[in-house]
Protein chains: 2
Amino acid sequence: MTKTDKISTEEKILDAAKKVFVEKGKAGTRMQEIADEAGINKSLLHYYYRSKEKLFSAVFKFAFKKFAPGIENVFESDKDIFEVIEIFIHSYIDLIRKNPFIPTFVLNEINKNKTSFITETIKEAGINAEKYIEFVYKNIENGIIKETDPRQLIVNIISLCIFPFAGRPVIQIIAFDNNKEEYERFLDTRKKEVTELIINSIKK
Amino acid sequence: MTKTDKISTEEKILDAAKKVFVEKGKAGTRMQEIADEAGINKSLLHYYYRSKEKLFSAVFKFAFKKFAPGIENVFESDKDIFEVIEIFIHSYIDLIRKNPFIPTFVLNEINKNKTSFITETIKEAGINAEKYIEFVYKNIENGIIKETDPRQLIVNIISLCIFPFAGRPVIQIIAFDNNKEEYERFLDTRKKEVTELIINSIKK
DNA sequence: GTCTATAAATTGATAGAC
DNA sequence: GTCTATCAATTTATAGAC
């Protein structure tokens, strides 16, 4: 008996739901499709998760955790800020590359679904902005980096990491003649490009 | 009689459709809601536009034109590249600020809706990447800017302009305590921030 | 051109057998 | 726990009166 046989029905449903919701969005998802993907009966979805809404909630929470990197853990150290930024960019781009649909899904649902649930999920993710901001200010005071707005900096970093994935179909068509392999190579060079651009913008 | 009374039913429908589709997305839009928004009967939607699909197509084409700036017009001139970039960033951020939901809408539909219609619309927009690329290379050869990959450059510019709008709800909550006015001020400074970052990255 | 009425298909959710 | 059958509501689309 292989280990995959041991996956519980509840897990099978959640896995299937993640796949379908992230790919099609909340409004575009059909409960039937999740059931098919999980290889089970549609009624079981309601047995384990009362409603589509509740199933979506579970998926969104998972997706948001993937999306929102633990910046507070990376930036709290006493390490070299340039090194920390490089590690952050590299690991974040690696992360998105493994989950390329997550950014579009999260951004879209957050914009369309202005419920208290979404707001709460974002807050509950417990991203500690203060620790990061302190870290940046300390490096400014110590004369290691230029006078920099920490919020502009982090928005710059995340913008540059995410857009090549969210905007991939457009960029690939317009700038790469819809050549998939060429675009993959473009993404390869992206880590270095973004790191250099950011480091260059804060170093004295 | 005011001029607004002269708006044809067809126009009223398209205006209403733009509003609802861009806000709720293709899958989340209901024909009834468009009819209500236009103040007309639901049947008229089908009279003027045969189906939801066709109405969506009209809206998407409009939205994509807004989204995809005419880079070929801006960059074909013999003007100073630094000036051209500044103008491009300023006018693009101004444009998105007037249509803040367009980026999320376009990016989302492009990723979820992998039909030939979407691909064709992107191609038909007729964005002339070559003219832009030539312009950048000319400036490199003339020693005005550093050795730069034109595609990385344009992706950098657009990333930095768009993400603060697509990711607004998250950033506003995490970094600005959900304070709308503070976020508006943040966006105000964004034009200068992006321009400086980009110029700084290409100047010798 | 614009409306009412309604068809036809889809879809989230529940009841009840096993 | 899992399935079949089915309800009830929604939603796109059309027919036909005016």
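By convention in this document, chain letters (A, B, ...) are assigned in the order of the sequence lines, proteins followed by strands, and residues within each chain are numbered from 1.
- Rounded to whole Å, atom P of dT10(D) lies 17 Å from atom CE of M31(A).
- One interatomic measurement links the two molecules: CD of Q32(B) to P of dA5(C), which rounds to 14 Å at whole-angstrom precision.
- The side chain of K42(A) approaches dA13(C) more closely than any other nucleotide in the set dA13(D), dA13(C), dG1(C).
- Distance K12(A) NZ to dC3(D) C1': 14 Å, rounded to the nearest Å.
- Ion pairing of D149(B) with R190(A) is absent here, as no side-chain N (NZ or NE/NH1/NH2) approaches a carboxylate O to less than 4.0 Å.
- For T9(B) and dT2(C), a side-chain-to-base donor-acceptor distance below 3.5 Å is absent, hydrogens and geometry of angles not being considered.
- The end-to-end axis angle of the helix from dG1(C)-dC18(D) to dC18(C)-dG1(D), rounded to 10 degrees and based on five pairs per end, is 10°.
- Taking every side-chain heavy atom of I40(B) into account, dC3(C) is the closest of dG1(D), dG12(C), dC3(C).
- Evaluation of atom-type donor-acceptor distances gives no pair under 3.5 Å for the side chain of S51(B) against the base of dT12(D).
- What separates CD1 of I13(B) from P of dT12(D) is a distance of 15 Å, to the nearest Å.
- Put simply, CG on N41(A) is 17 Å from P on dA17(C), counting in whole angstrom units.
- The CD1 atom of I34(B) sits 14 Å away from the C1' atom of dA13(D) (whole-angstrom rounding).
- Under 4.0 angstrom from either OP1 or OP2 of dA13(C) there lies no side-chain N or O belonging to Y47(A).
- Side-chain atoms of N156(B) and R151(B) form no donor-acceptor pair, as typed in the model, at a separation below 3.5 Å.
- None of L160(A), I157(A), I89(A) except one satisfies the side chain to side chain contact (heavy atoms under 4.5 Å, CB included) rule with L197(A); the exception is L160(A).
- L44(A) has its CG atom 5 Å from the C1' atom of dT2(D), to the nearest Å.
- Annotation: side chain of K112(B) is not in contact with side chain of K24(A) (no heavy-atom distance under 4.5 Å).
- OP1 or OP2 of dG12(C) has at least one side-chain nitrogen or oxygen of R30(A) nearer than 4.0 Å.
- Checked against dC3(C), dC3(D), dT12(D), the side chain of S43(A) finds its nearest nucleotide in dC3(D).
- No salt bridge links E109(A) with K26(A); every basic N to acidic carboxylate O contact stays at or beyond 4.0 Å.
- Using a 4.0 Å heavy-atom cutoff across all strands shown, Y48(B) reaches sugar-phosphate atoms only and no base atom.
- Between L45(B) atom CG and dG1(C) atom C1' there is a gap of 14 Å when expressed in whole angstrom units.
- Results of the side chain to side chain contact (heavy atoms under 4.5 Å, CB included) test with I85(B) over I202(B), V194(B), I154(B), V74(B) single out I202(B) as the only residue that passes.
- Within the structure, every side-chain polar atom (N or O) of H46(B) is placed at least 4.0 Å from both OP1 and OP2 of dT14(D).
- With respect to D94(A) and K191(A), a salt bridge is recorded, a charged nitrogen being found less than 4.0 Å from a carboxylate O.
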